[in-house]
Each structure stands twice: as C-alpha cells, then as structure tokens.
Number of protein chains: 2
Amino acid sequence: MYEGPVQDLIDELGKLPGIGPKSAQRIAFHMLTVEPSDIDRLLASLQKVREGVRYCVECGTVADGERCRICQDPRRDRTRICVVEEPKDVPAIERTREFKGLYHVLGGALNPLDGIGPDQLRVRELLQRLGGAAPGPDGGTVEVAEVIIATDPNTEGEATATYLVRMLRDFPGLSVSRLASGLPMGSDLEYADEMTLGRALTGRRVL
Amino acid sequence: MYEGPVQDLIDELGKLPGIGPKSAQRIAFHMLTVEPSDIDRLLASLQKVREGVRYCVECGTVADGERCRICQDPRRDRTRICVVEEPKDVPAIERTREFKGLYHVLGGALNPLDGIGPDQLRVRELLQRLGGAAPGPDGGTVEVAEVIIATDPNTEGEATATYLVRMLRDFPGLSVSRLASGLPMGSDLEYADEMTLGRALTGRRVL
C-alpha cells in the first residue's frame with residue numbers, strides 16, 4: 001500500500017503477535033512523528049535482546065547475570081519451590097505477594113503432539129535441585145520441603161502437573177501441591193463453564 | 001518486573017500507540033523465541049525509517065523517491081485532486097477503486113488550540129498546484145478541474161474543509177466537492193447518532 005521503508009516497517013510489525021495490519025500502520029506512522037532518540041532506544045533494546053538474553057542457572061527465568069534477583073535474595077524461603085511454565089508466570093505469582101520461596105521455570109508444558117516431552121523441559125534440573133545440594137543463604141545447603149506446581153490449568157499444564165507429581169513421589173518428606181482451580185474472584189457463577197464449576201465443587205473448602 | 005534487556009524492551013514497546021503492558025510483554029517474550037534474522041529484519045526496517053522517510057514533492061505522501069508512484073503514474077487523471085489529511089488516508093481511498101486522480105496530503109487538519117493553522121498545513125502547496133503550472137503526462141501542463149475535499153468528518157476536518165472551500169472559491173471554473181456524510185453501509189439506522197442521521201437526511205438523494 002505504501003512505498004519504501006514505511007511499508008517494510010508495517011510488514012515487519014504485522015508479524016508480531018497481537019499486532020494486526022491497522023496497528024502496524026498506526027505504529028509505523030507514529031515512528032515518523034517521534035524524536036529519533038525514541039527510535040534509538042527501541043532499536044537498542046531490540047538489539048540487546050537479539051544478542052541474547054541470559055537465564056538464571058538456578059531457576060531458569062530471565063536474568064541480568066548468572067542468577068536472577070529472586071534466587072540471589074537471602075530473604076527468600078529456599079525450602080519452597082514454585083514450578084511454573086514460563087518466565088512470565090514468575091511476575092504473575094510475585095504480584096500476589098503470597099509466595100516467598102523460589103521458582104523453577106520449566107520452559108513450557110508437556111505436549112507430545114508438538115514433540116515436547118520431559119527432556120525438552122527443565123525437569124531434570126528440578127530433580128537435581130530437589131536432590132539435596134541446593135545452596136543455602138549461609139553457604140550450607142537446605143532441603144526443599146514443598147513444591148507448588150503452578151502450571152497452567154489447561155490440558156498441557158494439567159498433564160505436566162500429573163507427570164511431575166509422579167516424579168516427585170520418590171522424594172520422601174516432600175510436600176507437593178497444585179494451585180487451586182475454581183471460580184475466579186469477582187466472576188459470576190451463572191457464567192462459569194462446567195469444567196471450572198466442577199473444579200470449584202470438587203475443591204470446596206469446609207468453613 | 002523482569003531483569004535486564006527483556007524489561008527494557010517491554011518498557012520501550014509499551015510506549016508505542018495501542019500497545020499495553022500485556023501486549024508489550026507478549027511481544028518481548030516472542031522475541032526470545034524467534035530466529036535472530038527475524039529481529040534483524042525488524043531492526044533494519046526501523047533503522048531505515050529512523051534515517052528518514054521521503055515525501056512526494058508533488059502530493060506530500062510517503063514516497064520511495066522524489067515523487068510517489070501515484071504522481072508518476074501516467075494513467076492517473078491529473079485534472080482531479082483529492083485533498084486528504086494524512087498519508088494513511090491515501091490507501092483508504094485507493095481501496096475504493098473509485099478515484100483515478102491525484103492526491104494532496106495536507107499533513108493534518110486545522111486545530112488552533114494545538115497551534116495548527118493554514119501555514120502548518122500544505123495549503124500553499126495546494127494553491128500552487130491549482131495555480132496552473134501542474135506538469136501533464138506529455139510534459140505540458142494540465143488544468144485542475146475538480147478538487148475533492150476528503151478531510152475527516154470531525155470538528156477539525158470540517159473546519160479545514162470550510163477553510164479550503166473559501167480559499168478555492170477564487171479559482172474560476174474549479175469544481176470543489178466534499179465527501180458525503182451519512183449512514184455507514186451495513187449499519188443500523190436505530191443506532192446512528194443524531195449528527196450522522198441529520199447529515200444523511202440533509203444529503204438525501206432523489207431516486
């Protein structure tokens with residue numbers, strides 16, 4: 001539709017997730033009105049991500065150095081590990097302020113159709129962390145007491161949780177739990193799907 | 001929320017129009033999964049736009065060279081000029097396939113509160129084009145017979161249209177028209193606002 005660099009930029013932006021042709025056009029024309037220094041900052045941040053992002057050697061989330069801020073923090077409870085699928089799940093749980101332990105990022109969920117088995121996920125690393133030699137804040141080692149499985153409540157996430165529960169059964173004294181499924185807060189019972197309402201019933205709490 | 005380059009990229013993406021924090025995060029994590037060559041193409045297209053985009057010396061839309069493809073096209077009717085606010089309005093009218101003339105991009109609409117008067121728009125250039133010396137396809141000159149004012153049907157666009165009509169009155173034999181306002185096709189009369197329905201009544205056509 002357009003000529004030259006503007007159309008190229010619209011085409012490239014249109015390949016990004018959640019950006020349709022109209023948004024791509026809007027962003028491209030926005031670029032013609034901003035200061036060059038604004039584009040420079042975007043260019044620099046893209047360039048840095050292109051050069052490669054580091055992942056925490058302990059938990060596997062995105063990190064600025066060898067270890068992420070959470071794994072470095074001496075105030076975190078090192079006896080609890082929350083297992084999530086993706087790095088973006090970590091801030092979601094952090095925002096609740098309910099969890100003070102460490103994380104373990106699997107890097108996805110089991111999906112045999114897409115060829116994602118346990119070897120494609122960071123399952124071995126999780127078992128190693130539970131194996132004992134986890135470094136404590138005082139230089140010694142601490143034993144993990146609880147694993148909270150926080151994979152997504154969908155087919156793949158549930159299958160991953162079931163698989164992990166089976167693997168973690170072998171660790172004596174380890175408490176393994178799963179995030180509760182049920183009605184989302186602020187929602188309307190009338191509009192809940194059968195699956196969610198069923199889970200809410202099964203997981204009902206005695207008051 | 002995140003560390004290092006990923007958070008920088010999320011921050012920069014979040015400044016773009018129509019990109020909220022969730023979309024910014026989604027795009028940033030998408031970047032971690034794509035091929036580096038995909039990021040290179042986006043980087044290159046941004047870099048080119050940053051270096052500067054060329055505008056057609058005749059009509060003012062974005063162009064790859066001195067003149068845009070439409071102004072260069074010998075099959076276009078050079079006696080008709082459609083006046084629009086922005087370069088992105090040109091493809092919108094092109095898609096209708098109803099107009100075979102040339103365009104004139106004003107670069108905005110009159111908006112005294114934002115300090116945008118006739119001198120900030122390409123009004124003088126429009127008057128020059130109408131002044132006579134418009135180059136014809138055969139090297140000679142053609143006289144512009146019709147100007148279609150296609151500014152947006154909002155306060156600024158209407159004010160701009162009114163101003164242009166007053167300026168163009170001085171050109172003898174020039175037909176000046178404005179895009180019709182009325183009910184959008186496929187819409188429901190019941191849900192039309194009073195302004196639109198009023199315009200549709202005023203502009204009713206005898207069948």
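All chains are named by letter (A, B, ...) in the order of the sequence lines, taking the proteins before the strands, and each is independently numbered beginning at 1.
- For the options A/Arg50, A/Gln7, A/Lys48, heavy-atom pairs under 4.5 Å to chain B are most numerous at A/Arg50.
- Contacts between residues 81-95 of chain B and chain A, counted as heavy-atom pairs separated by less than 4.5 Å, involve B/Pro87, B/Lys88, B/Pro91, B/Arg95.
- Taking the charged nitrogens against the carboxylate oxygens, A/Lys15 and B/Asp38 have no contact shorter than 4.0 Å, which rules out a salt bridge.
- Among the candidates B/Val62, B/Leu43, B/Leu32, the residue making the largest number of heavy-atom pairs closer than 4.5 Å to chain A is B/Leu43.
- Contact count versus chain B (heavy atoms, under 4.5 Å) is highest, among A/Gly65, A/Gly52, A/Gly4, A/Ser45, for A/Ser45.
- The greatest number of non-hydrogen atom pairs below 4.5 Å with chain A, out of B/Pro36, B/Ala28, B/Ala63, is found for B/Pro36.
- Interface residue B/Val53: only side-chain heavy atoms are found under 4.5 Å from chain A.
- Here the side chains of A/Pro5 and B/Asp64 are in contact, with some heavy-atom distance below 4.5 Å.
- Heavy-atom pairs under 4.5 Å with chain B were tallied for A/Ile10, A/Leu16, A/Val34; the largest tally goes to A/Leu16.
- B/Leu46 has its side chain within reach of A/Leu46: a pair of non-hydrogen atoms, C-beta onward, lies under 4.5 Å apart.
- A ring pair (Phe, Tyr, Trp, His ring centres under 6.0 Å) check over residues 1-44 of chain A, counting only residues at least two apart or in different chains, returns the pairs A/Tyr2-A/Phe29.
- Looking at B/Ile19, only its side chain comes within 4.5 Å of chain A, counting heavy atoms on both sides.
- Top candidate by heavy-atom pairs under 4.5 Å with chain B, chosen from A/Asp40, A/Leu13, A/Thr61, is A/Asp40.
- Using a 4.5 Å cut-off between heavy atoms, B/Glu51 makes no contact with chain A at all.
- Other residues, nucleotides and ligands place no more than 12 heavy atoms under 6.0 Å from the CZ atom of A/Arg26.
- Annotation: maximal heavy-atom pairing with chain B below 4.5 Å, among A/Ile27, A/Asp11, A/Asp8, occurs at A/Ile27.
- Not one N or O on the side chain of A/Glu3 forms a donor-acceptor pair closer than 3.5 Å with the backbone of B/Cys68.
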